[in-house]
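Beneath this line is the structure, given in structure tokens, with notes to follow.
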Protein chains: 2
Amino acid sequence: MSELSKKQQIVSASDLLFYQRGYAATSFADIAEAVQISRGNFYYHFKSKDSILDAVISLRLANSHKLLRDWESCSLSAAERIGCFINRLLVKQTDIMRYGCPVATLNTELAKLNHPAKATASMLSTVFRTWLRRQFFLLGEKSSADLLAMHLLSRSQGAATIANTFGEQKLLQQEVQLMHDWLRTCIKLPAGNISTPSLASA
Amino acid sequence: MSELSKKQQIVSASDLLFYQRGYAATSFADIAEAVQISRGNFYYHFKSKDSILDAVISLRLANSHKLLRDWESCSLSAAERIGCFINRLLVKQTDIMRYGCPVATLNTELAKLNHPAKATASMLSTVFRTWLRRQFFLLGEKSSADLLAMHLLSRSQGAATIANTFGEQKLLQQEVQLMHDWLRTCIKLPAGNISTPSLASA
DNA sequence: AGTACGATAGGACAAATGTCTTATAAAGCT
DNA sequence: AGCTTTATAAGACATTTGTCCTATCGTACT
């Protein structure tokens, strides 16, 4: 009945703990307790703490790809798909207010630590950047697709940050609304109901 | 000729190290090396590491207040003062790209650590929020001053985050430009040269 | 010169951390 | 059953951490 192998359990528990407490602040003892495993026994599955981080980043990359693929297979317009991206802030609002944006906080922590995995971790942001860029491209914004993508990425990370700092849900919701408004005006569609589709999780 | 007392030296060295490496990742040994002091001797000046953090936050609060006061004593219009706030991202761009936004990164780290000083640290953001709110209020945006202030704060922190993640100066500069554009349109001034004033540091 | 006090060095200390080794248990195969 | 491989436990190890204690240095004041 154990759906996940112990190795996978370690990775997903670490994924959560790295998000909640940060990478450096999460010790082997913490993970050991979460997975119910002996502390010294990690080295059967992983050769170092860094290699666990690598596995966690790989998992997050896979999850992100899956998320974006799902949004593309839902027969939505490109504008609606971008709306899904924006709404993700609401879907995850509880976690975001407690722990911030998972992508951004890992990146900044690894940047400060000068950690070798920083480059791989930044791929997580690149995935969203590339995906958003393609959506804007499909909307006809050929020349400024990357700028628009980065602008939206920037605003979503900023919204997550201030919500985390001030602990006010309303701030996050306001910023989400402003992003929807911005999207509507910037792609010259007068009044589509972009904000409605799919608050679906995953 | 020692302009600063040893205690002040400890605080300002910690200020820098906490920014560059993060609070938890900075050890007494690191600070000791920077200030050329014996490690065990901190407790003559501070009773714990947390109390150093408190002193650092106080210092940052004082510096922020001074910065904002300077901008107000420069006989600039409220719009120009907001422009100074936006331009701060450019003044500090080298550090921001390496270590992120000092205010945001400390807040998110303390949030993850569930650190008692989190509340005090968030005051740093509140200072800017309040100041920006007043500027927008002076511009006649009586009812939406706080919303505009938070929006700008959000965007500036988002810009810092993506610049730090991707390490691309151009991203930061683009976002700064967009913020100036937004400011110009949102306060209904047709074409003032808001972006010029005072790239002055401090 | 002698005393008092502020400042600093040096090291002790327990706890925690990442790492590694060895022994044992469990499971699969012949 | 016996053997082999996989998985787990338990603990040793050196290092680092924050904290605390004690001795010493230097300066100021009498």
Side-chain angles (χ1 to χ4, degrees), chain A residues 1-58 106 109-110 112-118 120-121, chain B residues 1-58 106 109-110 112-118 120-121:
Chain A
M1 199 44 173
S2 77
E3 301 102 3
L4 273 73
S5 74
K6 214 74 187 177
K7 186 166 184 172
Q8 288 172 314
Q9 284 182 47
I10 292 173
V11 175
S12 69
S14 304
D15 179 24
L16 190 62
L17 286 169
F18 289 173
Y19 176 40
Q20 294 176 339
R21 311 187 184 182
Y23 171 67
T26 302
S27 73
F28 275 75
D30 295 329
I31 310 174
E33 193 189 20
V35 193
Q36 294 286 52
I37 208 181
S38 166
R39 195 172 102 264
N41 188 22
F42 278 96
Y43 290 76
Y44 176 76
H45 300 284
F46 296 96
K47 74 176 205 296
S48 71
K49 193 185 178 187
D50 287 356
S51 72
I52 298 186
L53 177 59
D54 291 338
V56 167
I57 294 175
S58 293
L106 182 64
E109 182 183 3
L110 296 184
K112 280 183 199 284
L113 296 177
N114 237 330
H115 195 283
K118 180 196 182 314
T120 330
Chain B
M1 198 42 173
S2 75
E3 303 105 0
L4 273 71
S5 74
K6 215 71 185 179
K7 185 165 182 171
Q8 288 172 314
Q9 284 182 48
I10 292 173
V11 175
S12 68
S14 303
D15 179 24
L16 190 62
L17 286 169
F18 290 173
Y19 176 39
Q20 293 175 339
R21 311 187 185 179
Y23 171 67
T26 302
S27 72
F28 276 74
D30 295 328
I31 309 174
E33 194 189 21
V35 192
Q36 294 287 52
I37 209 182
S38 167
R39 195 171 100 266
N41 189 22
F42 277 96
Y43 290 76
Y44 176 75
H45 301 284
F46 297 95
K47 74 176 204 295
S48 71
K49 194 185 177 187
D50 287 356
S51 73
I52 298 185
L53 177 59
D54 290 339
V56 167
I57 293 175
S58 294
L106 182 63
E109 182 183 1
L110 296 184
K112 279 183 200 284
L113 295 178
N114 237 330
H115 194 283
K118 182 197 183 310
T120 330

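In the text below, chain A, chain B and the rest are named by the order of the sequence lines, each starting its count at 1.
- The CG atom of B/Leu53 sits 13.0 Å away from atom NZ of B/Lys118, with the distance rounded to the nearest 0.5 Å.
- With values rounded to the nearest 0.5 angstrom, B/His115 atom NE2 is found 9.5 Å from B/Thr120 atom OG1.
- Nucleotide D/dT17 holds its P atom 16 Å from the CG atom of B/Asp50, rounded to whole Å.
- Of all nucleotides listed (D/dA9, C/dA9, C/dT19), C/dT19 comes nearest to the side chain of A/Ser48.
- Comparing D/dT6, D/dA9, C/dA7 by their nearest atom to the side chain of B/Tyr44 picks out C/dA7.
- No cation-pi contact links B/Lys49 to B/Phe42, judged by a cut-off of 6.0 Å to the six-membered ring centre and 45° from its axis.
- When rounded to the nearest whole Å, the span between CZ of A/Phe46 and P of D/dT8 equals 12 Å.
- Regarding A/His45, its NE2 atom lies at a distance of 16 Å from the P atom of C/dT19, rounded to whole Å.
- Listed by first and then second residue, the salt bridge (charged side-chain N to carboxylate O under 4.0 Å, His left out) pairs involving residues 25-46 of chain B are B/Arg21-B/Asp30 (not counting sequence neighbours).
- Per the geometry, CD belonging to A/Glu33 stands 17 Å off C1' belonging to D/dA10, to the nearest Å.
- Taking 4.5 Å as the limit, every side-chain heavy atom of B/Asp54 sits out of range of all side-chain heavy atoms of B/Phe46.
- Contacts between residues 25-32 of chain A and DNA chain D, defined by a heavy-atom separation under 4.0 Å, are absent.
- Atom NZ of A/Lys6 and atom P of C/dA25 are 18 Å apart (whole Å).
- A distance of 9.5 Å separates NZ in A/Lys7 from OH in A/Tyr44, rounded to the nearest 0.5 Å.
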If you restrict it to nitrogen or oxygen atoms, what contacts under 3.5 Å exist between nucleotides 20-24 of chain D and the protein, and what is each distance?
unit_1	atom_1	unit_2	atom_2	d
D/dC20	N4	B/Gly40	O	2.7
D/dC21	N4	B/Gly40	O	3.4

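- A/Gln36 contributes atom CD, which lies 7.5 Å from atom NZ of A/Lys6 (distance to the nearest 0.5 angstrom).
- With a 4.5 Å cut-off on side-chain heavy atoms, B/Leu106 and B/Val56 do not count as touching.
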